[in-house]
S.K.: 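My questions will all concern the structure given below.
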Amino acid sequence: MPLPRSLSVTSLSGLDDWTEEFDLGDAVLFEIAWEVANKVGGIYTVIQTKARLTSEEWGENYFLVGPYMENSVRTQVELIEPTNPALKRTIDNMNSSGCKLYFGRWLIEGSPYVVLIDVGFTAWSLDRWKSELWENCGIGVPWFDREANDAVLFGFLTAWLLGEYAAQCEEPPHILAHFHEWLAGLGLVLCRQRQLPVATIFTTHATLLGRYLCAGSVDFYNNLHKFNVDKEAGDRQIYHRYCLERAAAHCAHVFTTVSHITAIEAEHLLKRKPDVVTPNGLNVKKFSASHEFQNLHAHSKARIQEFIRGHFYGHLDFNLDKSVFLFIAGRYEFSNKGADVFLEALARLNYLLRVNHSEVTVIAFFIMPARTNNFNIETLKGQAVRKQLWDTAQTVKEKFGKKLYESLLVGQLPDVSKMLDKEDFTMMKRAIFSAQRQCLPPICTHNMLDDSSDPILNCLRRIGLFNSSSDRVKVIFHPEFLSSTSPLLPMDYEEFVRGCHLGVFPSYYEPWGYTPAECTVMGIPSVSTNLSGFGCFMEEHIADPSAYGVYILDRRYRSVDESCSQLTSFLLQFCQQSRRQRIIQRNRTERLSDLLDWRYLGRYYISARHMALAKAFPESYYYEPQDPSSKKGFRYPRPASVPPSPALSRHSSPHHSDDNDDDDERYNEDLEAEKDRLNIRQPHSPQYRDKSGLTVVNGARSSKKLFVQLHEGKRRGFSQ
């Protein structure tokens with residue numbers, strides 16, 4: 001059945017504004033990844049958020065393939081019988097041959113079909129398949145690498161699945177298989193080695209060797225051309241993994257990666273230049289809160305303030321209304337994620353705020369999961385004390401209100417001296433005494449298993465940030481993912497992000513960076529770097545990113561000390577903003593969310609699929625590559641009004657952070673919003689067919705023929 005597709009984007013560089021109607025016919029898309037219905041890292045977010053757009057494009061001919069993980073399947077997948085007859089025969093044949101495959105719908109937006117493979121069920125074939133891999137591909141996998149063993153099982157089973165499906169189809173189909181990361185890459189290599197009629201795409205979201213090298217504190221990006229990749233991989237005992245990744249990159253019809261910075265890395269480490277860069281998007285509709293996002297920020301901020309009241313009980317000598325909440329979140333990679341740079345910048349910021357006698361207090365959260373054995377008793381006690389004080393205040397308020405009510409009923413003004421009796425004062429004194437604390441507020445909310453060697457805690461000891469009363473920067477290390485069911489900080493991640501003022505992600509190695517992207521779509525300013533895919537993307541499309549609440553830290557061409565100084569400057573400028581300036585900046589940040597919507601970024605995936613089908617089936621499909629150098633992308637101009645930067649505002653001292661809310665009288669929210677909306681036009685779908693009956697894909701401003709499929713007398717073909 002023909003499946004109509006249409007998409008038009010004008011703001012992104014590299015591809016012209018274009019729309020299309022493309023008769024997919026019997027083309028089938030299999031998207032294969034270890035993180036299908038199995039949350040491990042960022043690839044899960046990519047596939048989950050992109051599923052709706054891909055399902056709309058491919059309809060019933062779209063299947064996700066991943067591992068069967070029982071705990072995830074119970075809550076995320078509805079198991080059903082396959083609706084595709086050829087796929088049903090394929091699964092039945094494989095199950096009767098000693099495999100265990102499941103079919104169902106993934107319960108996310110778009111409800112895509114999933115084929116889940118139980119790799120453990122076929123572990124008896126591991127040695128045989130390892131031998132075959134060595135004989136045919138020259139790649140040996142050691143017995144002790146469990147993750148690589150899973151990759152071997154998963155790869156052979158996915159290649160079996162694709163080959164069996166091709167054999168079960170009554171007519172030779174057009175199969176497109178998209179493989180994500182090295183864990184799924186072996187299936188691609190086997191498809192090419194067995195010459196299956198499958199068009200293949202391989203996407204690397206981060207190179208294996210790159211992640212290992214960056215963790216070793218080397219000047220990675222400025223020495224890419226100098227690395228002996230085979231030796232470096234061998235020294236780190238990942239040579240077999242590196243071989244799987246490199247083989248997949250070279251065997252694929254189309255090789256893609258998620259950012260231009262990772263494309264440079266892949267070209268040097270994997271020795272192949274990516275054909276298409278496919279930036280990661282988000283399902284922005286999920287996060288959109290219309291004009292209520294400012295109210296959501298206020299509500300979530302109030303909940304964070306309640307936690308802070310308990311955490312700092314006995315030492316709450318700062319004004320919460322003049323406090324700024326910063327946070328860093330993600331995988332606990334101390335150097336790669338930039339936690340080392342953030343901590344050093346916080347120490348310098350603390351000094352600057354103290355010498356300037358600033359009334360602003362910065363509270364920095366570190367949300368990075370680490371090994372713990374339980375909650376910190378002192379942290380739990382703080383929340384209990386806060387609750388007790390609240391209950392005492394409510395009891396006294398109720399008695400006070402009752403006496404006030406009775407006094408007014410008889411027409412008399414209340415005698416304030418009689419409103420509270422001795423029992424009330426005793427109750428309040430006991431509450432005050434119970435809230436006294438001899439020790440400083442804890443830094444870590446949990447008991448760490450390896451406290452003495454933990455990088456964050458050791459760095460805090462070195463720089464002397466202990467949450468003392470003289471510190472203007474306080475630190476809270478929460479070594480666990482946030483959850484709304486937590487007895488300590490009962491908030492999920494999205495709600496917590498909305499309540500903060502600034503996300504800080506000074507990563508040294510970040511192929512894309514979903515954390516700052518999520519901040520952007522929720523209207524929260526963030527700090528990123530020119531070594532992250534997100535930071536490079538924003539620099540490319542925004543003339544003045546900092547005016548829109550996206551601060552880009554230079555970690556490529558500056559030393560670590562210079563980067564720390566630059567980050568300190570960013571943080572100090574942010575602390576000096578008035579409340580009105582922060583509101584203006586959040587409005588601007590939220591308007592950038594359309595840039596990160598899959599409705600726009602999904603077109604790069606579509607282009608990669610077109611290219612792969614044209615390479616694998618040249619007799620049926622045609623794709624004319626474009627010259628990226630001739631395309632001009634759009635860059636958001638600098639806002640016309642006074643930017644919310646203290647360098648250009650009237651009051652540059654943090655002492656005036658909440659005064660003079662009329663600073664930006666030139667700022668017109670409606671006018672700026674309308675200008676920004678014009679920069680990203682909504683999708684539209686003008687479509688036509690030419691006289692010969694061919695479906696032609698043309699850009700609205702370009703007459704280039706992008707993609708053609710023959711409708712009559714289709715000839716099947718496959719090119720290696």
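Note that these values count all heavy atoms, side chains included, but never hydrogens, waters or copies made by symmetry. In this text the structure is predicted, and so the values were computed from the model without any measurement.
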S.K.: Which distance, rounded to the nearest 0.5 Å, do you find between the CD of E333 and the CD of E510?
M.R.: 8.5 Å

S.K.: Is the closest side-chain donor-acceptor distance between T529 and S507 under 3.5 Å?
M.R.: no

S.K.: Compare all side-chain heavy atoms of R386 with those of Y313 and state whether any distance is below 4.5 angstrom.
M.R.: no

S.K.: Looking at Y509 and G338, would you say the former's side chain and the latter's main chain have a donor-acceptor pair under 3.5 Å?
M.R.: no

S.K.: Would you say that T515 contacts F534 through its side chain, given a criterion of any heavy-atom pair below 4.5 Å between the two side chains?
M.R.: no

S.K.: Scan side-chain atoms only and decide if N530 and E539 contain a donor-acceptor pair under the 3.5 Å cut-off.
M.R.: no

S.K.: Strictly distance-based, threshold 3.5 Å: is any side-chain N or O of S259 a donor or acceptor partner for the main-chain N or O of P511?
M.R.: yes

S.K.: Rounded to the nearest 0.5 Å, how far does CD1 of I238 lie from CD of E232?
M.R.: 9.5 Å

S.K.: Hydrogens and angles aside, do Y332 and D454 bring a side-chain donor and acceptor to less than 3.5 Å of each other?
M.R.: yes

S.K.: Report yes or no: is the cationic atom of R586 (NZ for Lys, CZ for Arg) closer than 6.0 Å to the six-membered ring centre of F293, at no more than 45° off its axis?
M.R.: no

S.K.: If the threshold is 4.0 Å, N to carboxylate O, is there a salt bridge linking E344 and R462?
M.R.: yes

S.K.: With a 3.5 Å cut-off and no angle check, do the side chains of E31 and Y605 form a donor-acceptor pair?
M.R.: no

S.K.: Please test N458 against R461 for side chain to side chain donor-acceptor pair (under 3.5 Å), starting from the C-alpha separation and ending with a verdict.
M.R.: CA-CA 5 Å; N458 280 340; R461 295 180 185 115; 2.6 Å; yes

S.K.: Working to the nearest 0.5 angstrom, can you tell me the gap between Q566 CD and L571 CG?
M.R.: 10.5 Å

S.K.: Would you mind telling me which of H297, M491, M522, E518 makes a side chain to side chain contact (heavy atoms under 4.5 Å, CB included) with V497?
M.R.: M522

S.K.: With a 4.5 Å heavy-atom cut-off, do F334 and I456 have their side chains touching?
M.R.: yes

S.K.: Considering only heavy atoms from C-beta outward, does the side chain of F496 approach that of R303 to under 4.5 Å?
M.R.: no

S.K.: Roughly how far apart are R558 CZ and C564 SG, rounded to 0.5 Å?
M.R.: 11.5 Å

S.K.: So, are E495 and R498 salt-bridged, with charged N and O less than 4.0 Å apart?
M.R.: no

S.K.: Using a 4.5 Å cut-off on heavy atoms from C-beta on, say whether the side chain of Y551 contacts that of L567.
M.R.: no

S.K.: Check the pair F537, W512 against ring-ring contact (aromatic ring centres under 6.0 Å, His included), reporting the backbone distance first and the verdict last.
M.R.: CA-CA 9 Å; F537 182 83; W512 176 247; 5.8 Å; yes

S.K.: Report the C-alpha distance between N467 and H315 in whole Å, list the side-chain angles of each, state the deciding distance to 0.1 Å, and finish with yes or no for side chain to side chain donor-acceptor pair (under 3.5 Å).
M.R.: CA-CA 9 Å; N467 291 343; H315 293 271; over 6 Å; no

S.K.: Would you confirm whether T520, through its side chain, and S593, through its main-chain N or O, come within 3.5 Å as a donor-acceptor pair?
M.R.: no

S.K.: Using a cut-off of 6.0 Å, state whether more than 12 heavy atoms not belonging to E562 lie near its atom CD.
M.R.: yes

S.K.: Within a radius of less than 6.0 Å around NZ of K39, do more than 12 heavy atoms belonging to other residues, nucleotides or ligands occur?
M.R.: no

S.K.: May I have the step-by-step check of side-chain contact (heavy atoms from CB on, under 4.5 Å) for F179 and L186, ending in yes or no?
M.R.: CA-CA 9 Å; F179 298 82; L186 180 56; over 6 Å; no

S.K.: State, with a plain yes or no, whether a side-chain heavy atom of F154 is found less than 4.5 Å away from one of I32.
M.R.: yes

S.K.: Kindly assign one of parallel, tilted or perpendicular to the pair Y242 and Y239, based on the angle between their ring planes and the thresholds 30° and 60°.
M.R.: tilted

S.K.: Checking ring-ring contact (aromatic ring centres under 6.0 Å, His included) for the pair F327/F505: CA distance, chi angles, key distance, verdict?
M.R.: CA-CA 8 Å; F327 81 98; F505 312 103; 5.5 Å; yes

S.K.: Compare all side-chain heavy atoms of T361 with those of K322 and state whether any distance is below 4.5 angstrom.
M.R.: no

S.K.: How many angstroms lie between atom CD1 of I308 and atom OG of S323, to the nearest 0.5 angstrom?
M.R.: 6.5 Å

S.K.: With the side chain counted from C-beta on, respond yes when V360 and V324 share a heavy-atom pair under 4.5 Å apart, and no when they do not.
M.R.: yes

S.K.: Testing the 3.5 Å rule here: is there a donor-acceptor pair between the side chains of S486 and S483?
M.R.: no

